[in-house]
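Sequence lines set the chain letters: A, B, ... in the order given, protein chains first and strands last, and positions in each chain run from 1.
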Number of protein chains: 2
Amino acid sequence: MDTEERLRDILQRLQKDGHRMTPQRVAILRAFLSAQDHPTVEQVYRRVCRDFPMTSLATVYKTVALLKEMGEVIEISGDLQGSRYDAFHPEPHPHLICTRCGQIYDGEGVDVQPVVAALQAQSAFQVSTYRLDLYGVCAACQAQSG
Amino acid sequence: MDTEERLRDILQRLQKDGHRMTPQRVAILRAFLSAQDHPTVEQVYRRVCRDFPMTSLATVYKTVALLKEMGEVIEISGDLQGSRYDAFHPEPHPHLICTRCGQIYDGEGVDVQPVVAALQAQSAFQVSTYRLDLYGVCAACQAQSG
DNA sequence: TTATTTACGGATAATGATTATCAATAAGAG
DNA sequence: CTCTTATTGATAATCATTATCCGTAAATAA
């Protein structure tokens with residue numbers, strides 16, 4: 001499912017819930033869905049403004065709230081100032097956060113489910129989602145200065 | 001190592017770094033070290049005030065910053081308003097956060113290291129710490145209302 | 001197409017946790 | 001005891017996020 005296809009699907013679901021399709025909303029959705037770098041709300045706002053200058057930051061916040069409700073974006077919060085968002089891979093997965101440059105990478109190829117399932121079983125929790133973030137120094141920053 | 005022993009150790013290390021031992025600091029440290037319920041700064045502040053009424057919230061914030069630097073407390077941030085702290089088990093470990101009642105439980109008996117190590121190997125990151133938080137409904141809240 | 005309803009957008013004020021500021025105080029060294 | 005300066009406490013500042021509120025423009029039906 002590519003970005004445009006997801007966009008159509010999301011707009012359709014929104015409409016079903018009595019929401020409307022506006023140019024701003026479409027532009028913001030497109031920016032979120034296509035971003036592969038875990039941007040902040042501010043960054044998405046600036047991207048949308050590039051080709052849609054009369055957009056408000058508040059509208060971007062409203063849209064990210066919608067996307068969160070719909071499960072189409074996950075939030076990365078933690079020792080950062082300002083949350084980052086991942087609408088490209090909206091299912092829970094590990095993130096690797098570089099404390100030097102601030103870049104966030106997706107942790108791939110490792111199955112976290114068994115650990116989550118074990119913790120769920122051991123605790124009698126009904127787990128709905130999880131968050132696994134590793135903090136450290138990325139390869140690029142290591143090469144740069146040890 | 002019990003609370004008082006840790007307290008002495010921490011105070012000694014602080015002194016070594018040119019810090020001082022004040023009654024407020026001791027009271028705040030004791031409150032953090034003995035808390036087993038992942039309190040907020042505000043909650044620690046109120047506890048300290050019970051038997052040490054002339055304490056400032058700002059001092060509690062300063063103390064938690066010290067403890068963070070020393071690795072004697074870990075911070076739990078996320079979809080909460082206000083960070084929570086765990087100075088009782090200051091090494092990284094999973095947390096189970098109840099979205100119904102807000103209580104935070106420690107995830108025990110499950111080894112997370114292999115997953116962390118696999119992600120580190122796969123990413124060429126130099127991982128210094130991690131955070132694994134599960135969100136869901138605790139057993140007590142399930143019993144209460146499904 | 002036009003009228004009507006009302007969700008939405010934009011600008012900005014409000015919130016709330018955390019951080020910075022700074023004068024007065026007191027811990028610790030000599 | 002004296003001196004240096006880390007620390008305290010009160011409060012102002014910061015900053016991401018949320019709430020507010022009015023004018024606008026989607027969607028729907030006439």
Side-chain angles (χ1 to χ4, degrees), chain A residues 7-8 10-32 38-46 48-49 51-70 73-85 102, chain B residues 7-8 10-32 38-46 48-49 51-70 73-85 102:
Chain A
L7 181 61
R8 279 193 296 277
I10 291 174
L11 288 172
Q12 200 170 331
R13 269 191 290 153
L14 283 173
Q15 194 156 13
K16 202 170 298 175
D17 287 346
H19 291 288
R20 294 175 185 171
M21 178 175 105
T22 68
Q24 294 94 327
R25 181 166 285 169
V26 172
I28 294 168
L29 285 178
R30 222 192 291 274
F32 267 113
H38 313 90
T40 64
V41 166
E42 185 78 30
Q43 287 172 320
V44 170
Y45 169 62
R46 281 201 288 267
V48 171
C49 280
D51 32 33
F52 214 116
M54 69 289 277
T55 304
S56 168
L57 183 59
T59 304
V60 184
Y61 272 105
K62 288 168 189 162
T63 306
V64 79
L66 266 180
L67 284 171
K68 261 198 283 188
E69 276 178 39
M70 299 176 74
V73 68
I74 56 176
E75 190 176 6
I76 310 165
S77 44
D79 289 340
L80 325 154
Q81 70 275 53
S83 288
R84 312 269 296 255
Y85 294 91
Chain B
L7 180 61
R8 279 193 296 277
I10 291 173
L11 288 172
Q12 201 170 331
R13 271 191 290 154
L14 282 173
Q15 194 156 12
K16 202 171 298 174
D17 287 346
H19 292 287
R20 292 172 187 174
M21 179 176 104
T22 68
Q24 294 94 328
R25 180 166 286 168
V26 172
I28 295 168
L29 285 179
R30 222 192 292 272
F32 266 114
H38 314 91
T40 64
V41 167
E42 187 77 30
Q43 286 172 319
V44 170
Y45 169 63
R46 281 200 289 266
V48 171
C49 280
D51 33 31
F52 214 117
M54 70 289 276
T55 306
S56 166
L57 183 59
T59 304
V60 183
Y61 272 105
K62 287 168 190 159
T63 306
V64 79
L66 266 180
L67 283 171
K68 261 198 283 188
E69 276 177 38
M70 299 175 74
V73 69
I74 57 176
E75 191 177 6
I76 309 165
S77 44
D79 288 339
L80 326 153
Q81 70 274 52
S83 289
R84 314 269 298 255
Y85 294 91

Pairwise 5' ranking along DNA chain C for B:Arg84 and B:Met21, keeping only the more 5' one: B:Arg84
Over how many whole Å does the gap from B:Asp17 atom CG to D:dT5 atom P extend? 17 Å
Toward the 5' end of DNA chain D, which comes first, B:Ala58 or B:Leu66, by nearest nucleotide? B:Leu66
Given that B:Ser83 and B:His19 both sit by DNA chain C, which one's nearest nucleotide is further toward the 5' end? B:Ser83
Between P of C:dA7 and NZ of A:Lys16, the distance in whole Å: 19 Å
For A:Ser83 and A:Ser77, the nearest pair of non-hydrogen atoms, with its separation, is OG-CB, 3.7 Å
Side-chain donor-acceptor pairs of residues 11-29 of chain A under 3.5 Å, sequence neighbours excluded:
residue	atom	partner	partner atom	Å
A:Arg13	NH2	A:Asp9	OD2	3.3
A:Arg13	NH2	A:Glu72	OE2	2.4
A:Thr22	OG1	A:Arg25	N	3.1
A:Arg25	NH1	A:Arg20	O	2.9

B:Ile28 CD1 to D:dG9 P, straight-line distance once rounded to whole Å: 7 Å
Whole Å only: how far is the CG atom of A:Leu80 from the P atom of D:dT17? 10 Å
Using only atom types and a distance under 3.5 Å, with no angle test, would you say the side chain of B:Arg84 pairs donor to acceptor with the backbone of B:Ile76? no
Of the nucleotides C:dG9, D:dT28, D:dG9, which one has an atom closest to the side chain of B:Lys62? D:dG9
What I want to check is whether an N or O donor and acceptor connect the side chain of A:Arg20 with the base of D:dA27 at under 3.5 Å. no
Closest to side chain of B:Thr55, choosing from D:dG9, C:dG10, C:dC8: D:dG9
Short side-chain N/O contact to D:dT18 OP1/OP2 from A:Tyr61, under 4.0 Å: no
Whole-Å distance, B:Arg46 CZ to C:dA17 P, equals 10 Å
Identify whether any heavy atom of A:Thr40 sits under 4.0 Å from a base atom; if not, whether one sits that close to sugar-phosphate; answer base, sugar-phosphate or nothing. nothing
Check the phosphate of D:dG9 against B:Gln24, side-chain N and O only, distance under 4.0 Å to OP1 or OP2. Yes or no? yes
Send over the distance from B:Glu75 CD to C:dT19 P, rounded to a whole Å. 8 Å
B:Arg25 CZ to C:dG28 C1', in whole Å, measures 13 Å
A:Thr40 backbone acceptor or donor facing A:Gln43 side chain under 3.5 Å: yes
Do you know the tightest heavy-atom contact between A:Val41 and A:Tyr85? CG2-CE1, 3.5 Å
Residue-phosphate contact under 4.0 Å: B:Ser56 side-chain N/O, D:dT8 OP1/OP2: no
If I take atom CG in residue B:Leu11 and atom P in nucleotide D:dT7, what distance separates them, rounded to the nearest angstrom? 12 Å
Is any side-chain N or O of A:Thr22 closer than 4.0 Å to OP1 or OP2 of C:dC8? no
